[in-house]
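In what follows, a structure is listed as structure tokens, so that the remarks can point back to it.
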Amino acid sequence: MTAQGAIEYFTESHSVEAVNGRVGKGTDPRFAHVMARLATHLHAFIKDVELTQPEWAAAIDFLTRTGQTCDGNRQEFILLSDVLGVSMLVDAINNRRPAGATENTVLGPFHVGGVPEYPMGANISLAGGRETCLFEGRVTDLDGNPLAGARIDVWSDNEDGFYDVQQPDLQPRHNNRGVFVTGADGRYWFRGIKPVSYPIPDDGPVGQMLGHLGRHPFRPAHMHFIVSAEGFETVITHTFVKGDDYLQSDAVFGVKDSLIAPFEPRIGGDTKWVSSFDFVLTRQAAA
Ligand code: BEZ
Ligand code: FE
């Protein structure tokens with residue numbers, strides 16, 4: 001309504017007010033706030049770039065194809081969020097931690113549940129591999145006290161850069177995956193292979209977009225970890241292979257300095273490499 005009580009129709013200059021003025025009184029306040037801010041920023045963006053009609057049609061076509069690429073195994077919208085930096089930004093806002101605590105990074109689409117729990121020292125590389133690696137370290141609180149009963153859920157790609165779920169006919173189920181639970185000393189150790197860098201799935205609309213932007217689809221080599229312990233914030237993270245060529249240009253912006261881990265030759269051991277990394281968890285805020 002205008003000051004005179006007349007209905008305010010949609011105009012270029014009053015576009016935001018026209019849209020936000022329609023929200024009903026009973027709307028959930030958080031939803032109403034988020035949608036009002038979305039309209040404000042979205043309209044400002046469209047006015048800023050003076051979006052043309054062919055560009056708008058191309059955007060609708062892109063989003064349509066992104067949706068059509070999704071199925072039970074492929075989530076192209078999360079991939080879009082990842083390459084736009086949205087996944088990492090939402091993660092950063094929601095997981096602010098004190099100095100010294102292990103930082104989060106992107107979960108990615110290749111985590112699966114129901115993975116076997118192994119005793120410490122087990123080899124998760126069911127298909128074997130040349131670059132054998134011992135992963136080891138401790139799970140502690142911020143004061144360095146060991147956390148007993150911490151659950152460590154790990155997964156990585158194989159030597160060709162593929163997760164088991166991407167090659168169900170070629171790799172054994174649960175290849176390069178496992179769950180370990182720490183004892184009283186908070187220590188973990190397991191065998192696997194040194195991960196390699198790989199491209200995110202780039203045969204769909206998101207890959208095409210990266211190509212148009214002159215961006216490569218690669219992620220630096222990494223081992224995924226979810227570390228959880230009762231009473232502590234769960235850490236969803238990776239360790240990145242120190243020296244990898246893609247550390248500075250991860251397609252999904254997941255790299256943090258504190259997550260770059262040494263992968264050293266292991267002299268005299270039964271694996272070729274060793275990677276040591278400690279996880280530091282923060283206590284959950286009291287309810
Ligand atoms: C991954 O690290 O598994 C991943 C993360 C984001 C997009 C694609 C893959
Ligand atoms: Fe990964």
Side-chain angles (χ1 to χ4, degrees), residues 66-67 69-92 94-95 102-113 115 124-125 127 129 131 133 135 152-168 170-171 173-179 190 192-211 213 215-227 234-256 258-261 263 275 277 279:
T66 299
T69 307
C70 296
D71 61 26
N73 296 317
R74 176 85 178 247
Q75 230 303 352
E76 195 76 357
F77 271 114
I78 294 186
L79 213 54
L80 179 60
S81 161
D82 293 341
V83 303
L84 292 176
V86 172
S87 306
M88 283 302 291
L89 185 54
V90 172
D91 188 74
N94 288 279
N95 293 288
T102 302
E103 296 187 278
N104 256 36
T105 189
V106 67
L107 173 66
F110 299 125
H111 177 257
V112 303
V115 169
I124 62 168
S125 286
E131 303 303 314
C133 185
F135 295 82
I152 303 177
D153 184 347
V154 301
W155 67 105
S156 80
D157 58 347
N158 70 1
E159 286 182 331
D160 298 324
F162 293 102
Y163 291 87
D164 60 346
V165 289
Q166 293 177 287
Q167 297 185 312
L170 287 178
Q171 295 191 42
R173 185 160 182 246
H174 298 148
N175 190 31
N176 296 310
R177 298 177 186 276
V179 171
F190 63 90
I193 54 167
K194 188 180 173 193
V196 298
S197 55
Y198 64 85
I200 61 171
D202 65 342
D203 56 347
V206 170
Q208 284 164 7
M209 185 189 81
L210 291 181
L213 288 168
R215 282 176 55 179
H216 70 71
F218 280 86
R219 299 215 63 208
H222 55 273
M223 173 62 84
H224 289 262
F225 289 86
I226 299 179
V227 185
T234 295
V235 171
I236 298 175
T237 199
H238 321 336
T239 57
F240 290 95
V241 176
K242 192 174 175 181
D244 188 281
D245 286 345
Y246 295 106
L247 286 174
Q248 315 276 312
S249 64
D250 181 3
V252 304
F253 306 98
V255 180
K256 295 179 179 177
S258 68
L259 301 177
I260 298 174
F263 281 73
S275 181
F277 194 88
F279 295 94

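The model shown is predicted, which means the values in this text are computed figures rather than measured ones. We count ligands from 1, going down the list as the structure has it; atoms in each ligand are counted the same way.
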Discussion item. Can you confirm whether or not the ring centre of Y246 sits under 6.0 Å from the ring centre of H216?
Written reply: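 That pair passes the under 6.0 Å test.
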Fill in: Side-chain donor-acceptor pair present, S125, N176, cut-off under 3.5 Å
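N176 and S125 do have a side-chain donor-acceptor pair below 3.5 Å.
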Worksheet item: Taking atom CZ of F162 and atom CG of N175, what is their separation to the nearest 0.5 Å?
Response: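 The distance works out to 13.5 Å.
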Practice prompt. Any chance you could measure F263, atom CZ, to M223, atom CE, to the nearest 0.5 Å?
Written response: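 So the gap between those two atoms works out to 7.0 Å.
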Practice prompt. Given side chain to side chain contact (heavy atoms under 4.5 Å, CB included), test H111 with I236 step by step and report yes or no.
Written response: CA-CA 11 Å; H111 177 257; I236 298 175; over 6 Å; no
Worksheet item: Among all residues two or more places apart in sequence or in another chain, which pass the salt bridge (Lys or Arg N to Asp or Glu O under 4.0 Å) test with R74?
Response: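 E76, D203.
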Worksheet item: salt bridge (Lys or Arg N to Asp or Glu O under 4.0 Å) with D202: which residues, sequence neighbours excluded?
Response: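 Applying salt bridge (Lys or Arg N to Asp or Glu O under 4.0 Å) to D202 gives none.
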Discussion item. Quick one, P220 and V255 - any side-chain contact, counting heavy atoms below 4.5 Å?
Written reply: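 Heavy-atom side-chain distance check passes, below 4.5 Å.
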Item to complete: Kindly give the heavy-atom pair with the smallest separation between D82 and F253, and that separation in Å.
Response: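 Result for this residue pair: O-CD1, 3.8 Å.
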Worksheet item: With a cut-off of 2.8 Å, which protein N/O/S atoms are close to the Fe ion (ligand 2), if we only count those under it?
Response: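 Those protein N, O or S atoms (cut-off: under 2.8 Å from the Fe ion (ligand 2)) are Y163 OH, Y198 OH, H222 NE2, H224 NE2.
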Worksheet item: What does the list of residues with a heavy atom under 4.0 Å from ligand 1 look like, ordered by chain and number?
Response: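 The answer is L79, D82, G108, P109, F110, Y163, Y198, I200, R219, H222, H224, V252, counting any residue whose heavy atom sits under 4.0 Å from ligand 1.
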